[in-house]
Amino acid sequence: MPLDRRIYLDWNATGPVHPEVADVILPFLTSRFGNPSAPYVLGRDAFDAVEQSRRQTALLLGCAPKQLVFTSGGTEANNLALKGAFFSGAAAGRRHLVISAVEHPSVLATCEWLRQQHGADLTQVPVDSTGRVDPEQVAAAFRSDTLLVSVMHANNETGTLQPVGAIAELARRHGVLSHVDGVQAAGRVAVDVSAIGCDLYSVSAHKFGGMKGAGALYVRDASGLEWAQQGGRQEHGLRAGTENVPGIVALGKAAEVALRDLDANRAACLRTRAVFDDLARKIPMTRMNGHPTERLPNTTNLCCLYADAFSVVLALSVQGVCVGLGSACASHAQEPSRVLRAMGLSNVAALCSIRVSTGPTTSLQDAEFVAHLLQETVERVRLVTSPEQIGVCDDDCPCFTGGTIGVE
Ligand SMILES: Cc1ncc(COP(=O)(O)O)c(C=O)c1O
């Protein structure tokens with residue numbers, strides 16, 4: 001099947017470059033190729049374009065342009081935030097970090113590295129069955145040597161939104177820095193970093209119409225950070241390396257377009273999401289993983305018990321439909337999702353969960369077609385999914401208790 005005839009429903013993994021963004025970046029790949037550090041006209045042109053993008057991105061996030069550092073994406077922004085804060089704060093004896101149990105690997109692995117290699121102490125705060133963190137539990141984890149708390153704005157697997165404002169407020173009261181991984185939220189829900197009150201906020205362009213390999217870190221006050229990357233004086237000396245000008249220009253334009261279209265995109269996504277949310281009632285032994293209301297407008301994570309998710313995703317792929325298997329970063333491994341396990345799902349239930357994430361251009365017709373196909377596919381896969389393959393749930397498994405699992 002030709003690639004352009006596929007129905008793509010994995011926008012939390014990545015999405016296409018917005019057509020208006022593609023138009024704007026083309027000259028930066030050909031004629032406007034200058035190095036922003038160069039003094040001649042071609043360099044000044046690139047410099048101006050980078051600064052314009054900084055202003056556009058700042059408008060999306062509600063901060064001052066000078067509070068943004070461009071990075072190679074969400075992973076680098078998260079690394080910079082955590083390592084930068086740690087290498088600065090650890091010198092003063094503050095080595096304790098607090099994160100939620102459902103953070104992206106770019107946060108979890110960075111904290112684990114700091115723990116194993118640099119003597120950080122790490123506390124992971126649990127989530128409830130909808131994937132939400134209780135801010136009071138976060139505050140209860142704070143100690144006198146706590147340096148930073150990092151809780152994501154929206155989860156990549158379930159779309160569950162976290163109470164990041166309340167967490168930032170509690171962190172400020174305890175003298176703790178707060179970082180928010182906003183990679184899945186920025187450009188999809190309204191973000192105002194000043195209103196949230198956090199110190200650091202990470203974004204990634206390819207999640208909202210920009211290019212892969214570009215992102216930004218909001219830094220409320222740069223004096224609290226030690227910069228992990230040495231080299232040139234780019235980004236006001238905060239992030240060395242020749243700027244990815246096309247990627248940065250794309251980020252700025254994507255931010256402008258996302259802000260302009262926020263309400264319309266939200267409404268469009270909610271319409272198609274409803275089609276997939278509905279499957280939790282239509283397909284037997286199926287439930288939705290995530291918060292019923294506090295959730296990204298485009299994400300439905302469905303557990304179709306005893307239908308092996310890997311087989312479902314492959315069967316849909318053969319028919320030209322792309323949906324996600326847990327998070328993109330975990331999709332090569334047939335391991336139950338750490339996020340779903342933290343929400344109380346059994347191994348079996350986690351192995352039977354798929355993620356459908358729509359985009360603003362997903363049509364209702366495509367959503368309804370895929371929902372129908374998904375229903376059929378789950379039924380067929382259930383016939384061939386063996387207990388040896390994925391195991392069985394115990395009678396007291398959370399999948400069966402609490403009356404939340406589907407309808408017969
Ligand atoms: C929540 C979250 N944080 C960070 C990242 C990493 O972003 P990037 O792909 O730009 O490195 C992702 C990517 O999927 C994500 O979903």
Side-chain angles (χ1 to χ4, degrees), residues 8-17 21 57 60-61 68-83 99-113 127 131-133 150-162 164 167 179-189 191 196 198 200-218 228-229 239 241 244 246-248 250-251 254-255 258 290-291 295-296 298-299 301 322-333 337-340 342-343 355-359:
Y8 184 77
L9 298 173
D10 198 17
W11 289 64
N12 286 10
T14 194
V17 171
V21 174
T57 310
L60 179 73
L61 300 179
L68 289 177
V69 179
F70 290 125
T71 66
S72 64
T75 297
E76 187 191 334
N78 286 342
N79 270 260
L80 272 184
L82 298 163
K83 291 176 185 167
I99 63 173
S100 84
V102 294
E103 295 305 307
H104 188 263
S106 55
V107 167
L108 176 63
T110 303
C111 290
E112 275 297 335
W113 179 80
V127 294
R132 291 261 286 183
V133 174
S150 181
V151 174
M152 68 206 320
H153 200 162
N155 186 267
N156 43 305
E157 295 186 38
T158 61
T160 293
L161 295 162
Q162 299 292 357
V164 285
I167 293 168
H179 167 246
V180 177
D181 173 354
V183 166
Q184 292 291 344
R188 293 186 177 152
V189 296
V191 174
I196 293 171
C198 57
L200 301 149
Y201 191 99
S202 306
V203 302
S204 175
H206 71 106
K207 308 292 184 184
F208 59 94
M211 286 164 73
K212 294 166 191 60
L217 178 66
Y218 157 76
Q229 189 158 300
R239 194 267 184 181
N244 168 13
I248 291 172
L251 166 60
H291 199 281
R295 186 159 41 104
L296 286 175
N298 75 325
T299 309
N301 190 308
C322 307
V323 302
L325 178 69
S327 80
C329 301
S331 64
H332 296 298
S337 147
R338 175 178 54 83
V339 170
L340 299 179
M343 290 162 58
R355 173 185 71 183
V356 182
S357 51
T358 62

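First listed ligand is number 1; within each ligand, the first listed atom is number 1. Just the heavy atoms: all of them, side chains too, but no hydrogens, waters or symmetry mates, feed the values below. Worth saying up front: this structure is predicted, and the values here are computed from it rather than measured.
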K207 near ligand 1 by a heavy-atom separation under 4.0 Å: yes
Within reach of ligand 1, part of H206 (heavy-atom separation under 4.0 Å): side chain
Polar contact flag, side-chain donor to acceptor under 3.5 angstrom, H179-N78: yes
M152, portion touching ligand 1 at heavy-atom distance under 4.0 Å: side chain
Heteroatom distance test (A13, ligand 1): nitrogen or oxygen, under 3.5 angstrom: no
Any L200 side-chain heavy atom under 4.5 Å of L80 side chain: no
Ligand 1 contacted by G215 (non-hydrogen, < 4.0 Å): no
Heteroatom distance test (N12, ligand 1): nitrogen or oxygen, under 3.5 angstrom: no
No-hydrogen, no-angle side-chain donor-acceptor test under 3.5 Å, R295 and N301: no
T75 N/O under 3.5 Å from ligand 1 N/O: yes
Ligand-side contact atoms (ligand 1) for residue partner N156, heavy atom cut-off under 4.0 Å: 1 (C), 16 (O)
Which segment of V107 sits under 4.0 Å of ligand 1 when only heavy atoms are counted: neither
Flag side-chain contact, heavy atom, 4.5 Å: T57 against Y218: no
Close-contact set for ligand 1 against G73 heavy atoms, below 4.0 Å: 10 (O)
